[in-house]
Amino acid sequence: MRLAITREVSPSIGECELTHLARAPIDLDTARAQHRQYGECLAALGCRIYRLPAEPGLPDAVFVEDTAVVLDELAIITRPGAASRRGETEAPAEALRAYRRLAAIQPPGTLDGGDVLRIGKRLWVGLSSRSNQAGIGQLRRLASPFGYSVESVRVKGCLHLKSAVTQVAESTLLVNRDWIDGSPFEGMELIDVDPREPFGGNALLVGDTVVYPASFPATRRRLEERGIVVEAIDVAELGKAEGGVTCCSLIFNTQAAEVTL
Ligand code: CIR
């Protein structure tokens, strides 16, 4: 069964971390309504939703993707790069404990789940303002015994690796090459975001459908012209907190892989 862990929008989301966007007021009701629709969209695509309660003291906790990297064999609890976000990992870790054995990134390592792009046994990890070499090294040591390769990718001009590149089909990536170099993805087909939509690189592939922000219609057309099925949803209010569609969930198969080490 495909499970999506989500977390309700915090009443303090207006105090979220911001790196590349200017602060704009966030309407809590609108953000919550969009988050509810996001959950409904995932449910319609076959995910069972595991909703964690909001945490008033954790403005960014809705962006649950950053708290863990869920592999088939284990879940790695991150140590978020922003100190204000370190308290976010506890509740998702407790939820994940029922489905995976757990490991955790330790100081001085930092890692945000938004920096980890996984396709099969390949992990590309953003070296960003949030994820450092020590964190990436720890992830490599934890994942490589299970056959994962870990390649770091320098990220410049955006928050996370997955702000710049995400999977949209089996071997196809949506990419903004102003923010990352395309060469680590050799062998994959690349679709560039429309230059008018630099923030359009964050798409969420669920089964064969791409969940995608309604605010990037030109890039959406590029995806559809390639035969990709897109489910457009409005996440603009969450976008003001620098969040996209991947960051609001941790999606994984509840059945863990058998571990033979
Ligand atoms: C932050 O700056 O940490 C949040 N305001 C946004 C996090 C978005 N997370 C993601 O894209 N994985």
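Order of listing sets the numbers, starting from 1, for every ligand and every atom in it. Heavy atoms only: backbone and side chains are in, while hydrogens, waters and symmetry mates are out.
The protein heavy atom nearest to atom 7 (C) of ligand 1 is Arg85 NH1, 3.5 Å. For atom 10 (C) of ligand 1, the closest non-hydrogen atom on the protein side is Cys247 CB, 2.9 Å. For atom 9 (N) of ligand 1, the nearest protein heavy atom (residue, atom name, distance) is Asp66 OD2, 2.8 Å.
At a heavy-atom distance under 4.0 Å, only side-chain atoms of Leu159, from C-beta outward, approach ligand 1. Using a 4.0 Å cut-off between heavy atoms, Lys162 makes no contact with ligand 1 at all. Using a 4.0 Å cut-off between heavy atoms, Glu17 contacts ligand 1 through both its backbone and its side chain.
Between the CD atom of Gln167 and the CG atom of Leu174 there is a distance of 11.5 Å, given to the nearest 0.5 Å.
Taking every heavy atom of both residues into account, Arg2 and Gly207 meet most closely at NH1-N, 3.6 Å.
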Test salt bridge (charged side-chain N to carboxylate O under 4.0 Å, His left out) on Lys162 and Asp112 and set out the steps.
-> CA-CA 10 Å; Lys162 281 189 277 187; Asp112 278 15; over 6 Å; no

Does the pair Arg51 and Glu8 meet the rule for a salt bridge (charged side-chain N to carboxylate O under 4.0 Å, His left out), with working shown?
-> CA-CA 7 Å; Arg51 248 182 228 97; Glu8 301 290 323; 3.6 Å; yes

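Arg23 CZ: more than 12 foreign heavy atoms inside a 6.0 Å radius. Environment of NZ in Lys156: sparse, with no more than 12 heavy atoms of neighbouring residues, nucleotides or ligands closer than 6.0 Å.
Contact between Arg130 and ligand 1 is present, with at least one heavy atom of the residue lying under 4.0 Å from the ligand. Under a 4.0 angstrom heavy-atom cut-off, Ala82 registers as lying outside contact with ligand 1. At least one heavy atom of Asp60 sits closer than 4.0 Å to an atom of ligand 1.
A donor-acceptor pair under 3.5 Å is absent between the side-chain atoms of Asn176 and the main chain of Ala164, judged by distance alone.
Residue Ala241 places at least one N or O, backbone or side chain, under 3.5 Å from an N or O of ligand 1. The N/O atoms of Glu65, backbone and side chain alike, include one that comes under 3.5 Å of an N/O atom in ligand 1.
The side chain to side chain donor-acceptor pair (under 3.5 Å) test with Thr246 singles out one residue from Asp66, Thr166, Asn202, and that residue is Asn202.
Short contacts between ligand 1 and Glu242, defined as distances under 4.0 Å to a heavy atom of the residue, involve ligand atoms 6 (C), 8 (C). Contact atoms of ligand 1 toward Gly114: 12 (N) (distance under 4.0 Å to a heavy atom of the residue).
Side chains of Glu231 and Thr209: a donor-acceptor N/O pair is absent below 3.5 angstrom, by distance only.
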